[in-house]
Amino acid sequence: MAQESWLSCEKTAVLQGGFLLANQICQPEPLLSLKKEDWDRIGCPIVNAVKEICEHSLRDSKDRVHWRKRILCIVWSKILEVRNREDIDIRWKEDPLFAVQNSLPDINHIVLFELVKSMSFSTIYVELLLCFQPAERCEELKLLVDHVTSSSTEADVKLLLEVWWELLKNKRGCLDALDQLFTAQCSRSMMSTTEPSPLASKRFKPDPESTCVVHVLFEGLRKIKEHLTSSELCYFALSNCLDTLYASYLLDNATDLSIEIKLQNISRTVSLKKRKEVIDGFDLIQVIREAQRDLAATLTPAETKPCGMAFIQAMQVTLEIICSWEVMGLLKMPSSDPSVMAIRLKDSLDRVLTSLEQPSHAKDLVGNGQTLNNLRVTLKGLTASLSFTVPESSAAELANISITILDHHLEGFEGLPGLLAFKLSQNFSETEWIHCLERNGSAFQTKELLMTLISTLTAKCQSDADVQHCKKLKDVIVNIFSHLSLPEKNATLSEMLSISRKGLHGFLPSSVTIGFSEELNLAFNSIIQSGANSRLDAAISAVARVAFQNPEATLRRCCHMAVVNLGAHAMITEILQQLSGLMSSPGIHKDNLLCRCLQDTVWSKLSSLQEENQFLQFLAEMMKCNITGSTGEKWSFLPAEEVLHVFVQPYLLPASPSTSNLVFCLQILQCTLSQETRSDTVHWIMSCSPFPLLYCLAQLLNECNRCWDQPVESETLISMESKDLLLSVLHTLGIIVGKEVARAPGVWSRALFWLYSKVEELDWTVRFYLKDVWGNHFKYEVPNTLLSVCDLPEQEWSGLDLPQYGQGTGLVAWLECCALSDRVHEAMLESLSLNLLKPDEVNMFGKGLLVAACQILPWCTSREWERLLKVLQELLQSSKLYVPYSLEYVDFLPLLDLRSFAGELRLSVFLLRIFQLLCSSSCSDWLSPQGWVHTGRLYANAMRGIISSVTEKIPLPSTTPSPKTSGACS
């Protein structure tokens with residue numbers, strides 16, 4: 001501890017001078033033998049020295065308090081040193097106060113007590129008294145009681161009562177340096193008492209069974225009760241008695257007062273003390289702290305229960321004291337203008353009486369019921385005599401005290417900001433209220449308080465308040481929001497959004513929200529300009545600030561930026577994923593704000609492939625379940641079902657005016673279906689009318705058969721390029737719905753039969769794509785002509801009588817099936833009925849297959865054409881399809897061995913025959929120009945694959961260097 005600076009300064013010299021002068025006046029007797037009655041004559045130099053140190057040379061009140069405590073620490077330590085007479089060779093090494101103590105004459109406890117009484121140091125005295133161990137503390141307190149009960153004066157009584165009251169408030173916080181120093185001194189003193197001392201026999205030796213602070217105080221008051229000659233002191237003493245009864249015997253747990261009652265009590269105390277102490281330098285903060293301590297003392301149980309005095313004994317002493325003072329007429333209560341002590345006594349009486357009425361205390365006092373009843377009757381009589389009305393502080397006074405507490409960050413007033421915002425703000429001028437919020441914004445940084453402030457602002461805006469003040473208050477509220485933690489920001493945003501999609505601006509007139517557009521532009525421009533270098537937390541804070549003011553406008557800007565600015569979708573996604581308060585409430589998917597903003601802002605304005613891609617990527621990221629709820633569940637910012645409802649379902653009609661929009665919607669649908677879901681729950685798609693959705697997709701697939709027809713006016717046919725995407729979406733959706741149907745077939749049976757009956761109107765091939773949906777509920781249905789070329793099991797396959805599939809169309813239907821899926825394609829190859837031992841049949845099969853391929857090729861997607869090429873290759877390899885290639889190749893290249901390329905050559909010849917047939921005059925008007933382009937593209941892709949296969953089989957040229965090259969190298 002760095003106490004050398006004050007132990008050897010001029011102030012300690014002043015203190016030393018005071019004690020030496022007092023010692024000189026005391027001669028021929030030493031100051032150690034000072035008696036109580038001699039203090040007025042001898043103690044003046046000491047009192048003057050202390051006043052010189054604490055009042056004249058120090059201006060700061062905190063320094064004064066510290067020096068008062070330093071002086072008492074020095075004086076009390078000197079008394080302990082004199083009492084214990086420790087070896088000086090040890091003291092100068094171990095005692096940090098040795099130098100200053102050695103400069104003082106020997107003194108006794110009377111000097112300490114009279115100094116405390118003369119300077120009103122009772123608070124400091126108790127702080128140091130609590131540094132002793134309980135037994136030593138009781139011993140020291142007994143010395144004080146003995147002192148004040150001997151030749152008692154009113155000042156002695158007041159000292160005892162003040163010390164008692166401070167002991168009731170002995171809830172110690174952190175020990176300061178002086179407390180720690182004096183605690184060490186006390187410990188050294190206790191250690192030295194184990195050694196013999198000339199003064200040891202004169203010291204008070206308490207009875208272990210009666211070593212109790214409560215007992216010492218009650219007995220001391222009982223001895224001097226006749227010396228109390230004023231009502232104020234009697235109120236003080238009786239309040240101490242009752243509060244000690246309550247805290248030590250009746251109260252088991254701390255009592256919590258509402259902030260309003262607590263503030264009313266403190267404000268009342270402050271008002272009464274201001275009236276009483278009309279002096280310069282009234283320390284309001286200190287008065288508030290003391291009032292708070294006084295209030296806490298009466299609401300908190302004693303740290304240890306009294307061990308030397310039973311409850312019945314304490315009641316008996318209290319009764320005796322009350323009866324004595326009633327006889328003397330000292331307990332007559334004022335009818336008006338009560339003092340602080342009278343009000344305190346009234347509160348104490350109410351608390352004790354209420355507690356004594358509880359049955360539990362009556363049960364504890366079995367056998368002493370008469371004393372308890374007597375005390376009740378006496379206390380009720382006193383309460384009845386309290387005819388005065390306790391003054392209540394006005395709302396303005398409460399507001400002023402509240403602001404003082406907030407400005408100085410006093411502890412123990414947790415509910416005060418809420419009370420101030422909700423009830424007391426109307427008692428300020430608008431300027432005062434705004435300045436208070438600006439100074440103490442940190443005290444209002446919770447969602448609840450912020451919402452209260454918003455209510456206050458709304459009320460002011462609805463009245464005739466000054467617009468400028470409303471704007472300032474709004475700015476202060478926004479600043480408070482900006483300093484909230486991220487979870488609190490999200491909670492606030494969520495609550496604001498549940499009230500109005502326009503957030504704060506939803507409550508305010510336009511005159512107060514002027515300038516928001518510029519702030520919004522500035523926030524997003526800074527994010528754009530910073531780009532990848534911007535700190536994510538700063539960007540989140542900037543977006544949260546403007547979102548708090550107007551979530552809808554902010555999300556609109558987010559949507560525009562995510563789609564239009566290259567690469568911005570990734571950053572906007574990161575920002576919004578952190579601002580989960582802007583997402584609609586989980587479970588409510590019919591009014592998602594982000595979805596609506598996307599629809600209104602960018603949906604109809606996508607002008608390039610880049611914007612469409614960024615839109616899709618933004619949707620995909622926002623649909624991911626990356627947000628953790630309060631109970632650990634995962635949520636997505638943008639529910640996939642809402643995306644389906646807004647961006648897909650309205651555009652899936654076959655007669656949709658724009659196929660480009662339709663293709664994009666299919667991409668969005670594919671994106672929604674690719675989102676991960678929990679396997680143990682029903683898939684979200686089942687809540688979005690999945691069977692009508694499947695039927696719409698089936699209708700679209702059915703319309704693909706008309707892709708090369710000449711469209712009528714205002715009709716746009718679905719392109720072949722979008723068919724692959726449509727098939728992929730239908731396949732994915734079918735698998736998802738099929739799993740749910742298999743999990744609960746009874747739930748979905750009606751919907752399943754409805755879907756089947758609807759698709760019966762469509763092309764027979766469409767039903768194959770829905771096989772995953774109805775599983776084993778329905779068979780594969782094919783034209784009857786297909787059954788003439790295939791041996792298919794009746795358990796799984798059934799025939800359809802279709803007019804368009806007349807005689808000789810079996811291979812057409814067979815090839816169509818081969819193109820549908822890999823699973824059906826394998827079944828078709830396995831079931832093909834072809835007798836390889838009959839050349840004529842094989843030859844007829846080849847011709848029929850050629851015609852069938854010509855009919856199917858223009859309506860194949862690239863994926864379907866790949867399956868058909870695979871079928872042709874397998875037929876060629878199994879010799880079911882015979883295609884000679886000598887005419888086209890061998891006759892022109894007789895010296896080449898083409899046997900290793902036989903498969904590729906036969907396939908190329910078969911494709912050539914298809915192309916020749918398509919280019920004949922009989923097919924010239926068969927397709928539209930776009931159909932011919934598509935057919936040529938498929939043919940070219942097939943030839944490209946054949947050439948690639950041939951190239952892979954050709955051996956690489958030798959890399960051995962020629963002799964000429966080798967010679968040059970050497």
- Task: For Glu52 and Asn48, run side-chain hydrogen bond (donor to acceptor under 3.5 Å, both in side chains): C-alpha distance rounded to whole Å, both residues' side-chain angles, the deciding distance at 0.1 Å, then the answer.
- Result: CA-CA 6 Å; Glu52 173 66 25; Asn48 292 334; over 6 Å; no
Quick one: pull up [atom1] in [X] and [atom2] in [Y] and give me the separation to the nearest 0.5 Å.
X      : Y      : atom1 : atom2 : result
Thr244 : Leu250 : OG1   : CG    : 11.0 Å
His215 : Glu219 : NE2   : CD    : 4.5 Å
Ile312 : Leu372 : CD1   : CG    : 7.5 Å
Arg289 : Gln286 : CZ    : CD    : 6.5 Å
Ser248 : Met309 : OG    : CE    : 10.5 Å
Trp325 : Leu330 : CH2   : CG    : 8.0 Å

- Message: In terms of relative ring orientation, are Trp76 and Phe132 parallel, tilted or perpendicular, with 30° and 60° separating the classes?
- Response: tilted
- Message: Which label fits Tyr249 and Phe311: parallel for a plane angle under 30°, tilted from 30 to 60°, or perpendicular past 60°?
- Response: parallel
Where [X] and [Y] come nearest, the two heavy atoms and their spacing:
X      : Y      : answer
Lys474 : Leu504 : CG-CD2, 3.7 Å
Gly220 : Val145 : CA-CG1, 3.5 Å
Val148 : Ile224 : O-CG2, 4.2 Å
Asp252 : Pro301 : O-CG, 3.7 Å
Cys241 : Thr318 : CB-OG1, 4.2 Å
Leu217 : Leu160 : CD2-CD1, 4.1 Å

- Message: I need the single residue from His227, Lys36, His147 that forms a side chain to side chain donor-acceptor pair (under 3.5 Å) with Asp156. Which is it?
- Response: Lys36
- Note on the structure: Only one of Glu166, Lys169, Arg68 passes side chain to side chain donor-acceptor pair (under 3.5 Å) with Thr123, and that residue is Glu166
- Task: Go through the steps for Ser122 and Leu159 under the test side chain to side chain contact (heavy atoms under 4.5 Å, CB included), then give the verdict.
- Result: CA-CA 7 Å; Ser122 56; Leu159 173 62; 4.3 Å; yes
[atom1] ([X]) with more than 12 external heavy atoms under 6.0 Å:
X      : atom1 : answer
Lys332 : NZ    : no
Lys69  : NZ    : yes
Phe422 : CZ    : no

Can you confirm whether [X] sits close enough to [Y] that some side-chain heavy atom of one is under 4.5 Å from a side-chain heavy atom of the other?
X      : Y      : result
Gln316 : Thr371 : yes
Phe481 : Leu450 : yes
Tyr125 : Met119 : no
Phe444 : Thr452 : no
Ser348 : Arg351 : yes

- Query: What pairs with Arg268 under salt bridge (charged side-chain N to carboxylate O under 4.0 Å, His left out), at least two apart in sequence or on another chain?
  - Reply: Asp347
- Query: Who pairs with Glu260 by salt bridge (charged side-chain N to carboxylate O under 4.0 Å, His left out), at least two apart in sequence or on another chain?
  - Reply: Lys423
Quick check: does any side chain N or O of [X] sit under 3.5 Å from a backbone N or O of [Y], one acting as donor and the other as acceptor?
X      : Y      : answer
Lys262 : Gly412 : yes
Gln445 : Leu484 : no
Ser463 : Lys460 : yes
Glu397 : Ser394 : yes
Glu162 : Ser120 : no
Lys225 : Arg222 : yes
Ser267 : Leu263 : no
Ser324 : Glu320 : no
Glu488 : Ser485 : no
Thr298 : Leu295 : yes

- salt bridge (Lys or Arg N to Asp or Glu O under 4.0 Å) evaluation trace for Lys471 with Asp475: CA-CA 6 Å; Lys471 289 180 69 174; Asp475 292 340; over 6 Å; no
- Task: Report the C-alpha separation of Ser230 and Glu154 in whole Å, then their side-chain angles, then the decisive distance to 0.1 Å, and conclude whether the side-chain hydrogen bond (donor to acceptor under 3.5 Å, both in side chains) test is met.
- Result: CA-CA 9 Å; Ser230 70; Glu154 187 171 308; 4.7 Å; no
- Thr456 versus Trp433, side-chain donor and acceptor atoms under 3.5 Å: no
- Message: Once side-chain contact (heavy atoms from CB on, under 4.5 Å) is applied, do any residues pair with Asp40, and if so which ones, sequence neighbours excluded?
- Response: none
- What about the rings of Trp164 and Phe218, do their centers lie closer together than 6.0 Å? yes
- Message: Does the Lys NZ or Arg CZ of Lys158 fall within the cation-pi geometry relative to Phe236 - under 6.0 Å from the ring centre and within 45° of the axis?
- Response: no
- Would Arg137 and Glu140 pass as an ion pair if we require N to O under 4.0 Å? no
- Message: Please determine whether a side-chain nitrogen of the Lys or Arg among Lys142 and Asp146 lies less than 4.0 Å from a carboxylate oxygen of the Asp or Glu.
- Response: yes
- Could you go step by step and tell me if Phe413 and Ile401 meet the side chain to side chain contact (heavy atoms under 4.5 Å, CB included) rule? CA-CA 12 Å; Phe413 297 92; Ile401 294 295; over 6 Å; no
- Would you check, one step at a time, whether the test side chain to side chain contact (heavy atoms under 4.5 Å, CB included) holds for Leu382 with Leu345? CA-CA 10 Å; Leu382 273 177; Leu345 178 57; 5.7 Å; no
- Check the pair Glu290, Lys273 against salt bridge (Lys or Arg N to Asp or Glu O under 4.0 Å), reporting the backbone distance first and the verdict last. CA-CA 11 Å; Glu290 283 303 313; Lys273 287 197 174 184; over 6 Å; no
- salt bridge (Lys or Arg N to Asp or Glu O under 4.0 Å) evaluation trace for Arg344 with Asp294: CA-CA 10 Å; Arg344 182 189 159 201; Asp294 293 351; over 6 Å; no
- For Asn240 and Leu221, what are the C-alpha separation, side-chain angles and deciding distance, and is it a side chain to side chain contact (heavy atoms under 4.5 Å, CB included)? CA-CA 10 Å; Asn240 282 358; Leu221 181 60; over 6 Å; no
